[in-house]
Each structure stands twice: as structure tokens, then as C-alpha cells.
Amino acid sequence: MKYWLLKTEPEEYSIHDLAAAPDQTTAWDGVRNYQARNFLRDGMRVGDRVLIYHSNTEPLAIVGVAKVVRSSYPDASAFDRKSAYFDAKSKAESPTWVNVDLKLDRIFAEPLTLIQLRSEPALAGMELLRRGSRLSVQPVTTEEFRRIQRLAGG
DNA sequence: GCCAACGTTGGC
DNA sequence: GCCAACGTTGGC
């Protein structure tokens with residue numbers, strides 16, 4: 001089993017939206033960066049655990065954990081002209097962009113803020129904490145994941 | 001609101 | 001294939 005971190009802007013889609021979704025499951029769509037796509041498509045497998053991070057909000061924080069319940073499949077929003085995620089270059093016969101499906105695992109009682117994360121020497125190597133890091137799908141090491149679980153009272 | 005740190009686009 | 005210009009992300 002592998003571990004990941006996904007960023008989302010809560011105004012767009014928050015962990016509370018995931019909690020309210022049917023079966024607490026959603027398609028994670030709209031990823032439009034190749035490196036992030038490669039992690040979704042080539043790295044994520046059913047059963048992997050995913051930290052959910054809220055960006056562009058207050059507080060900036062890891063807010064909970066989800067699990068991968070379906071591995072990658074074509075992102076239909078890329079073919080939808082009315083979608084903000086429409087991509088004319090993505091063809092049905094060779095889709096550029098992919099989704100995975102996620103199911104909520106748990107919401108942290110207290111969000112684990114970016115400030116708290118930065119204060120943990122054991123997490124200093126996290127991609128999330130790297131200056132200028134913009135990657136919205138990131139691998140997380142087992143050690144980092146366990147530390148974060150523990151910090152969040154898991 | 002600012003701007004650093006990217007990623008993408010397009011002229012050449 | 002280079003790289004300047006432009007657009008986006010996202011912390012501050």
C-alpha cells in the first residue's frame with residue numbers, strides 16, 4: 001500500500017463535500033498537470049491512503065484521510081465542452097487525463113495545519129513543504145504518513 | 001493583493 | 001529546439 005497527498009481548494013471541493021457525497025465516495029477529477037496525472041494513473045492503486053489537504057483557505061491544513069476505491073480511468077470532464085476542465089486536445093480514444101475514485105476514511109478532529117507541519121523536523125522532506133511546491137498529487141512516505149496520523153490523534 | 005515558482009505556449 | 005512571454009498555483 002502506498003500513501004499520497006491531494007490538494008483541493010475547499011471552495012471547490014472540501015472534505016466535508018466528500019463526507020456528504022453518496023457512499024462518501026467521489027471521482028477525483030480535474031487534475032490537469034502531467035506530473036500529477038502520472039501519479040494518479042501510474043502510481044495509485046486500490047487501497048492506497050490519501051491525505052486530503054485544503055489549499056487557498058484558512059487554515060491551510062491536512063484535514064483527513066481517504067482511500068482509493070477505484071484506480072485510474074478516463075476523466076470525462078475533459079470531454080465536456082461545458083466543463084471548466086474541458087480539454088480539446090484530450091481524445092476519447094487516448095484520454096490525456098484520468099480520475100481515481102476516493103472514499104472518505106476519516107476527518108481529523110483538528111485540522112493539521114501547515115504551520116504545525118512545518119514545525120515537525122521529521123516532515124521536513126515533504127513535497128508539500130518545499131518552497132514553491134505546486135504539485136496537487138504527491139507521494140507521501142510511510143514514515144510521513146504515520147507521523148501525520150499520530151499528530152492528528154490517530 | 002502581491003509575487004515566487006513554476007508549467008505552457010508559440011514565435012523563431 | 002530554444003526561450004521569452006504568459007498564465008496559474010497557492011503561500012504569504
Side-chain angles (χ1 to χ4, degrees), chain A residues 2-21 26-44 48-68 71-102 104-141 143-145 147-153:
Chain A
K2 293 196 292 286
Y3 302 99
W4 309 91
L5 181 144
L6 295 179
K7 295 181 185 173
T8 182
E9 300 195 16
E11 278 193 31
E12 289 285 319
Y13 195 89
S14 76
I15 198 166
H16 305 290
D17 294 322
L18 178 57
T26 191
W28 202 261
D29 62 8
V31 170
R32 294 292 180 272
N33 169 282
Y34 286 98
Q35 196 179 354
R37 186 281 310 271
N38 292 345
F39 284 131
L40 281 186
R41 188 188 61 188
D42 308 330
M44 276 194 200
D48 286 0
R49 300 293 152 142
V50 174
L51 299 167
I52 304 294
Y53 176 80
H54 281 176
S55 67
N56 261 321
T57 189
E58 186 57 43
L60 296 162
I62 296 173
V63 291
V65 181
K67 62 190 169 200
V68 178
S71 59
S72 74
Y73 60 97
D75 184 342
S77 70
F79 309 126
D80 177 2
R81 293 195 165 273
K82 281 174 279 187
S83 168
Y85 301 127
F86 175 69
D87 179 3
K89 288 181 292 187
S90 180
K91 302 297 177 202
E93 57 275 17
S94 59
T96 308
W97 307 112
V98 301
N99 296 350
V100 297
D101 285 357
L102 297 180
L104 182 66
D105 196 348
R106 72 177 180 116
I107 296 178
F108 293 160
E110 295 289 338
L112 199 49
T113 68
L114 187 61
I115 292 167
Q116 286 175 275
L117 296 169
R118 287 198 191 284
S119 73
E120 284 292 321
L123 300 179
M126 281 188 78
E127 167 69 20
L128 179 71
L129 305 182
R130 207 171 55 79
R131 179 180 170 80
S133 169
R134 302 191 311 178
L135 199 53
S136 63
V137 180
Q138 311 175 358
V140 171
T141 69
E143 294 71 26
E144 289 161 352
F145 186 85
R147 175 65 59 117
I148 286 162
Q149 287 270 61
R150 219 171 306 130
L151 288 169

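Quick note on labels: first sequence line is chain A, next is B, and so on, each numbered from 1.
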Do A:Tyr3 and A:Leu51 come close enough that some side-chain heavy atom pair is under 4.5 Å? no
Separation of atom CD in A:Gln35 from atom P in C:dT9, rounded to whole Å: 15 Å
Under 4.0 Å from OP1 or OP2 of C:dC12: is there any side-chain N or O of A:Arg118 that close? yes
Without decimals, in angstroms, what is the distance between A:Arg131 CZ and C:dC12 P? 9 Å
N/O donor-acceptor pair under 3.5 Å between A:Arg37 side chain and A:Thr96 backbone: yes
Between B:dA4 atom P and A:Leu135 atom CG, what is the distance in whole Å? 21 Å
Round to a whole Å and report the spacing from CG of A:Asn56 to C1' of B:dC2. 13 Å
Examine C:dT8: is either OP1 or OP2 under 4.0 Å from a nitrogen or oxygen in the side chain of A:Lys7? Give yes or no. no
Rounded distance (Å) that lies between atom P of C:dG10 and atom CD of A:Glu9: 7 Å
A:Arg134 side chain: which of C:dG11, B:dA4, B:dG7 is closest? B:dG7
Nearest whole angstrom, please: distance from the C1' of C:dG10 to the CD of A:Gln138. 12 Å
Filter on side-chain hydrogen bond (donor to acceptor under 3.5 Å, both in side chains), then keep only pairs touching residues 51-62 of chain A, sequence neighbours left out; what's left? A:Glu9-A:Asn56
Nucleotide B:dT8, atom P - distance to CG of A:Asp87 in whole Å: 11 Å
Would you say a side-chain N or O of A:Tyr53 is under 4.0 Å from OP1 or OP2 of C:dG11? yes
Of the listed nucleotides (B:dA5, C:dG11, B:dC6), which one gets closest to any side-chain atom of A:Arg130? B:dC6
Between NZ of A:Lys89 and P of B:dG10 the distance, given in whole Å, is 8 Å
A:Glu127 side chain vs A:Ser133 backbone, donor-acceptor pair below 3.5 Å: no
